[in-house]
Amino acid sequence: MKNVPSIGRFKDGDVIVTEGVISNNAYVVLSGEVRVSKRIDDKQVIIGALKKGDVFGELGLISKTQRSASVIAIGEVNIGIIDKETFASMLNDIPNDLRCVVEALVERLKVTTKKLANIGIQLEKARKTINSFSLQTLEGEE
């Protein structure tokens with residue numbers, strides 16, 4: 001008998017996945033919404049939000065790496081949890097060539113996530129510079 005994904009129930013503010021921790025699970029949002037954030041240069045940058053049907057943590061199923069972001073519940077959330085053993089069993093059922101494609105997609109996703117987080121930091125720095133400039137301009141007009 002194959003493993004059946006379990007269900008996790010989370011309240012507002014509960015941490016579902018912590019950045020930097022190694023985990024073998026992937027998650028599917030069954031109901032509710034979660035916030036995804038990443039720490040860069042000692043700042044927490046919000047990458048986005050996920051809703052019903054969205055998947056996160058899939059990188060941990062294929063490569064043994066640290067979580068690239070944190071995921072926090074927004075309100076009441078139900079999450080389907082797929083463990084590495086279940087995924088490995090499913091992955092073994094697909095052709096080798098397709099498995100290589102899945103692994104390549106995961107690697108590209110890791111790079112894209114890192115780039116997106118860096119863009120978020122640059123945007124925040126630009127916003128601060130613009131706000132500072134605007135404040136200086138207003139003070140100069142007084």
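For this chain, numbers begin at 1 and follow the sequence in order.
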[X]: which residues meet the side chain to side chain donor-acceptor pair (under 3.5 Å) condition with it, sequence neighbours left out?
{"X": "Thr18", "result": "none"}
{"X": "Asp42", "result": "none"}
{"X": "Lys38", "result": "Glu19"}
{"X": "Ser70", "result": "none"}

Does any N or O in the side chain of [X] come within less than 3.5 Å of the main-chain N or O of [Y], such that one atom is a donor and the other an acceptor?
{"X": "Asn92", "Y": "Ser89", "result": "no"}
{"X": "Thr86", "Y": "Ile82", "result": "no"}
{"X": "Thr129", "Y": "Lys125", "result": "yes"}

Determine, using the 4.5 Å side-chain heavy-atom cutoff (strictly less than), whether [X] and [Y] are members of one ILVMFWY cluster.
{"X": "Val71", "Y": "Ile81", "result": "yes"}
{"X": "Val17", "Y": "Ile46", "result": "no"}
{"X": "Leu123", "Y": "Ile47", "result": "no"}
{"X": "Val28", "Y": "Ile7", "result": "yes"}
{"X": "Val55", "Y": "Ile94", "result": "yes"}

Measure the [atom1]-[atom2] distance between [X] and [Y] for me, rounded to the nearest 0.5 Å.
{"X": "Ile16", "Y": "Ile79", "atom1": "CD1", "atom2": "CD1", "result": "4.0 Å"}
{"X": "Leu30", "Y": "Arg9", "atom1": "CG", "atom2": "CZ", "result": "9.0 Å"}
{"X": "Lys84", "Y": "Asn25", "atom1": "NZ", "atom2": "CG", "result": "10.0 Å"}

Check: Of the non-hydrogen atoms in Ala73 and Phe10, which two are nearest, and what is the gap between them?
Finding: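 Closest heavy-atom pair between Ala73 and Phe10: CB-CB, 3.9 Å.
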Checklist line | Ala26 versus Glu58, closest heavy-atom pair with distance | finding: CB-CA, 4.0 Å
Checklist line | Remaining members of the apolar cluster that contains Val15, side-chain heavy atoms under 4.5 Å | finding: Ile72
Margin query: Lys43: which residues meet the salt bridge (charged side-chain N to carboxylate O under 4.0 Å, His left out) condition with it, sequence neighbours left out?
Written below: Glu124
Next item on the list: Compare all side-chain heavy atoms of Val36 with those of Phe56 and state whether any distance is below 4.5 angstrom.
Entry: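 The answer is no; the side chains never approach within 4.5 Å.
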